[in-house]
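Chain naming here is simple, since letters A, B, ... match the order of the sequence lines and numbering starts at 1 in each. Fair warning: this is a prediction, and the values are worked out from it, not measured in the lab.
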Amino acid sequence: MQLLSGYLNHPQQTALLEEIRAIVAKAPLFTPTMPRWGKPFSVRMSNCGPLGWVSDKSGYRYEETHPVTGEPWPAIPDSLMVLWDEVTGYSHSPQACLINYYSADAKMGLHVDSDEKDMKAPILSISLGDDARFRLGGTERSAATKSFLLRSGDILILDGADRMAYHGVDRIDAGTSALLREPGRINLTIRRVTLP
DNA sequence: GAGTCCCT
DNA sequence: TGGT
């Protein structure tokens, strides 16, 4: 894991936020549901890139189109493609940028990102808005976990053994950032999905 | 083939 | 932590 605290300055954060707003205007946030029993997530999602991560009763998967509009996902902004090269050094392009919107009371249980075929590619995470209490464990669910704060502008890279580690968000500290108009947090996770 | 759900 |  690499945590690059305050990697994005305020103007960079607002510029990125505007790009995300434009994407979400075309590909609206949807509410994913749990496989099998259909319980809704508290986090709402959208995506950009050739592939987008979705979840519904039939399971987790990557899709080329939005589950509600049926339209292809908007492209990943150039700034994020450049950032990927800059901070990951991974020689193959990312294919999916999952946009997670956390309202003040949203959380994300411990899980492993394992729907990608290219598990050698790192996952690049960008935080915008309110602080998140992030939790990182090991590759076994029973392993010890550590918790730390993710702040607006921070970049987290899940690589090496941590690529397969359990992680989640315990809570959002509402009102800790003024970047968004409302309390809440946007998290971007940029991934390579298929084998190069 | 289940799972980022919930809960303690 | 582990059943669902």
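Listed by chain and number, the residues in a side chain to side chain contact (heavy atoms under 4.5 Å, CB included) with A:Ser58 are A:Asp56, A:Arg61 (sequence neighbours excluded). Evaluation of the side chain to side chain contact (heavy atoms under 4.5 Å, CB included) rule for A:Met164 yields A:Met119, A:Thr139 as partners, not counting sequence neighbours. Here A:Asp162 pairs with nothing under the salt bridge (Lys or Arg N to Asp or Glu O under 4.0 Å) rule; sequence neighbours left out. Take A:Asp154 and apply the side chain to side chain donor-acceptor pair (under 3.5 Å) test, not counting sequence neighbours, and it matches no residue. With sequence neighbours excluded, no residue forms a side chain to side chain donor-acceptor pair (under 3.5 Å) with A:Glu64. For A:Arg151, the salt bridge (Lys or Arg N to Asp or Glu O under 4.0 Å) test picks out A:Asp131, with sequence neighbours left out.
When the P atom is compared between B:dG1 and B:dC5, the two are found 23 Å apart, to the nearest whole Å.
For the pair A:Phe30 CZ and B:dT4 C1', the computed distance is 13 Å after rounding to whole Å. Between the P atom of B:dC5 and the CG atom of A:Asp170 lies a distance of 11 Å, rounded to the nearest Å. For A:Lys39 and B:dC7, the NZ to P distance is 7 Å, given to the nearest whole Å. Put simply, CG on A:Asn47 is 14 Å from C1' on B:dT4, counting in whole angstrom units. Separating the CZ atom of A:Arg61 from the P atom of B:dA2 is a distance of 14 Å, rounded to the nearest angstrom. Here B:dT4 presents its P atom at 15 Å from CZ of A:Arg36, a figure rounded to the nearest Å. In this structure, OH of A:Tyr60 is placed 5 Å from P of B:dT4, rounded to the nearest angstrom. Rounding to whole angstrom units, CZ of residue A:Arg185 and C1' of B:dT4 are separated by 14 Å.
In terms of hydrophobic clustering, with Ile, Leu, Val, Met, Phe, Trp and Tyr side chains grouped at heavy-atom distances under 4.5 Å, A:Leu98 and A:Met108 are assigned to a common cluster. Two different hydrophobic clusters hold A:Tyr101 and A:Ile172 under the rule that ILVMFWY side chains link at heavy-atom gaps under 4.5 Å.
Residues A:Ile186 and A:Leu179 fail the side-chain proximity criterion, which asks for heavy atoms closer than 4.5 Å. Counting heavy atoms from C-beta outward, A:Tyr62 and A:Asp115 have side chains that approach closer than 4.5 Å.
Listed in residue order, the members of residues 94-108 of chain A having a heavy atom less than 4.0 Å from DNA chain B are A:Lys107, A:Met108. The stretch residues 157-169 of chain A does not touch DNA chain B, since none of its heavy atoms comes less than 4.0 Å from the strand.
Across all strands shown, A:Gly59 has heavy atoms under 4.0 Å from base atoms, whether or not it also approaches the sugar-phosphate.
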For this session: Report the secondary structure of DNA chain B in dot-bracket form, marking unpaired bases with a dot and bases paired to a different strand with |, and treating Watson-Crick or G-U pairs with both distances under 3.5 Å as paired.
Result: ....||..
Under 3.5 Å between N/O atoms: give me all the protein pairs with nucleotides 1-3 of chain C, atom names plus distance.
from: C:dG2; atom 1: N7; to: A:Arg141; atom 2: NH1; distance (Å): 2.7
from: C:dG2; atom 1: O6; to: A:Arg141; atom 2: NH1; distance (Å): 3.4
from: C:dG2; atom 1: O6; to: A:Arg141; atom 2: NH2; distance (Å): 2.9

Show the atom names and distances, to 0.1 Å, of all donor-acceptor pairs under 3.5 Å that link a side chain in residues 73-84 of chain A to residues at least two apart or in another chain.
from: A:Trp73; atom 1: NE1; to: A:Glu63; atom 2: O; distance (Å): 2.8
from: A:Ser79; atom 1: OG; to: A:Glu19; atom 2: OE1; distance (Å): 2.9
from: A:Trp84; atom 1: NE1; to: A:His92; atom 2: O; distance (Å): 3.2

Acceptor/donor pairs from residues 29-43 of chain A side chains to any protein atom, 3.5 angstrom cut, sequence neighbours excluded:
from: A:Ser42; atom 1: OG; to: A:Lys107; atom 2: N; distance (Å): 3.0
from: A:Ser42; atom 1: OG; to: A:Lys107; atom 2: O; distance (Å): 3.0

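Under the 3.5 Å distance criterion, the side-chain polar atoms of A:Gln95 are left unmatched by any main-chain donor or acceptor of A:Leu51.
Residues A:Arg133 and A:Ser147 have side chains that never bring a donor and an acceptor to within less than 3.5 angstrom of each other.
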